[in-house]
Number of protein chains: 2
Amino acid sequence: MATRTRGLVKSLHQPENRLLCELLAEAREKVGLSQEKLAKRLKRTQSFVAKYEGGERRLDVVEFLAISRALGADPIRIMRQLMRRAAI
Amino acid sequence: MATRTRGLVKSLHQPENRLLCELLAEAREKVGLSQEKLAKRLKRTQSFVAKYEGGERRLDVVEFLAISRALGADPIRIMRQLMRRAAI
DNA sequence: CGTGACTATCCCAAAATAGGATAATATCGA
DNA sequence: TCGATATTATCCTATTTTGGGATAGTCACG
């Protein structure tokens, strides 16, 4: 569950991003979707999901919205959680 | 004001992203900051700002938050506008 | 015009990503 | 405990994106 990587982008290493990854992973599990199923909804590969959840890939705003939708989650709520917990 | 590019990421071309760019550019102008000044606050270059505003570069969630902060704007409000206007 | 402020575009080395494979883990029933 | 299956993590590398200094426009104003 931790993440092992080599050399990545700045925002990947920010705690805010870690948090976002966790929130999205939690949200997915809560809905009972596997990475594979979610990937399918997103028309992406499982490795894509594994990567952003693991913090190996950045998520842009538009992607974040798409994922939230695919999870049936409210992006605003997630954003709020992120901001609150990260003390932004 | 339109954007001329060669071969870019999918989410760059989504109307949602265009909208986001516009919202952020508007927000910046409203506060009376130049790209240069904003860039300085973000510890980035003017070209960075020009690129994301022009839709030549994706903005990840963490960056979006940082920019909103730098503009003294509420990310949630911007997100809402984006969602409403893009009919997400 | 001329000047200065601001923004867009060029360039390209350096860095990040895509996604198919495959390895590693977890789950669970017999 | 096994083995089978489901799920997730990691590898690999061609392709795509990016960073940011430099430079070319663009605009406003005298």
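Every chain is numbered from 1 and lettered A, B, ... according to where its sequence line falls, protein lines coming before strand lines.
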S.K.: Between N or O atoms, less than 3.5 Å apart, protein on one side and nucleotides 3-8 of chain D on the other: list the pairs.
M.R.:
| unit_1 | atom_1 | unit_2 | atom_2 | d |
| --- | --- | --- | --- | --- |
| dT8(D) | OP1 | Arg28(A) | NH1 | 2.9 |
| dT8(D) | OP1 | Arg28(A) | NH2 | 3.4 |
| dT8(D) | OP2 | Gln35(A) | N | 2.6 |

S.K.: Dump the pairs, protein N or O against N or O of nucleotides 27-29 of chain D, anything under 3.5 Å, distances to one decimal.
M.R.:
none

S.K.: Quick check: closest heavy atoms across Asn17(A) and Gly55(A), and the distance to 0.1 Å?
M.R.: ND2-CA, 4.5 Å

S.K.: Quickly work out the Glu56(B) CD to dA16(C) C1' distance and round it to whole Å.
M.R.: 18 Å

S.K.: Specify the separation, in whole Å, of atom CD of Glu63(A) and atom C1' of dT17(C).
M.R.: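 Spelled out: CD on Glu63(A) to C1' on dT17(C) is 10 Å.
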
S.K.: With rounding to the nearest 0.5 Å, note down the distance linking CD in Glu63(B) to CD in Glu16(A).
M.R.: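 Rounded to the nearest 0.5 Å, the CD-CD separation comes out at 11.0 Å.
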
S.K.: Just the rounded figure in Å: distance from C1' of dG19(D) to CG of Leu59(B).
M.R.: 14 Å

S.K.: Kindly give the heavy-atom pair with the smallest separation between Ser68(B) and Ile78(B), and that separation in Å.
M.R.: OG-CD1, 4.0 Å

S.K.: For the CZ atom of Arg57(B) and the SG atom of Cys21(B), what is their distance to the nearest 0.5 Å?
M.R.: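 So the gap between those two atoms works out to 11.0 Å.
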
S.K.: Round to the nearest Å and state the distance from Tyr52(A) atom OH to dA18(C) atom P.
M.R.: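 Whole-Å distance recorded here is 12 Å.
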
S.K.: Respond yes when some side-chain nitrogen or oxygen of Arg58(A) is under 4.0 Å from OP1 or OP2 of dT17(C), and no when none is.
M.R.: yes

S.K.: If I take atom CZ in residue Phe48(A) and atom C1' in nucleotide dA16(C), what distance separates them, rounded to the nearest angstrom?
M.R.: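 Rounded to the whole Å, the gap is 13 Å.
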
S.K.: Using whole Å, report how far CZ of Arg44(A) lies from P of dG20(C).
M.R.: 12 Å

S.K.: Within this structure, what is the CZ-to-P distance between Arg57(A) and dT17(D), rounded to whole angstrom?
M.R.: 11 Å

S.K.: Tell me yes or no: between the side chains of Gln46(A) and Gln35(A), is some donor less than 3.5 Å from an acceptor?
M.R.: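 There is such a pair (donor and acceptor under 3.5 Å, judged by atom type) between the side chains of Gln46(A) and Gln35(A).
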
S.K.: Side chains of Asp60(B) and Val61(A), heavy atoms from C-beta outward: is any pair under 4.5 Å?
M.R.: no

S.K.: CD1 of Ile67(A) to CZ of Arg41(A): how many Å apart, nearest 0.5 Å?
M.R.: 13.0 Å

S.K.: May I have the distance from Leu12(B) (atom CG) to dT17(D) (atom C1'), rounded to whole angstrom?
M.R.: 9 Å

S.K.: Let's test your reading of the model: under 3.5 Å, does the base of dG20(D) pair with the side chain of Thr45(B) as donor and acceptor?
M.R.: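 No, no donor-acceptor pair under 3.5 Å.
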
S.K.: Taking donor-acceptor contacts at under 3.5 Å, does the side chain of Lys51(A) reach the base of dA18(C)?
M.R.: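 Such a pair is found, so the answer is yes.
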
S.K.: Restricting to non-hydrogen atoms, name the atom on Ala70(A) and the atom on Leu42(A) that form the minimum distance, rounded to 0.1 Å.
M.R.: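 Nearest pair, atom of Ala70(A) first, then Leu42(A): CB-CD2, 3.8 Å.
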
S.K.: Which angle, to the nearest 10 degrees, lies between the helix axes at the two ends of the helix from dC1(C)-dG30(D) to dA30(C)-dT1(D), each defined by five pairs?
M.R.: 40°

S.K.: Enter the distance from Leu23(B):CG to Lys30(B):NZ here, rounded to the nearest 0.5 Å.
M.R.: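 Spacing of CG (Leu23(B)) from NZ (Lys30(B)) equals 9.0 Å.
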
S.K.: So do the side chains of Leu65(A) and Met79(B) get within less than 4.5 Å of each other, counting heavy atoms only?
M.R.: yes

S.K.: Which heavy-atom pair separates Leu19(B) from Arg85(B) by the least distance, and what is that distance?
M.R.: CD2-CB, 3.5 Å

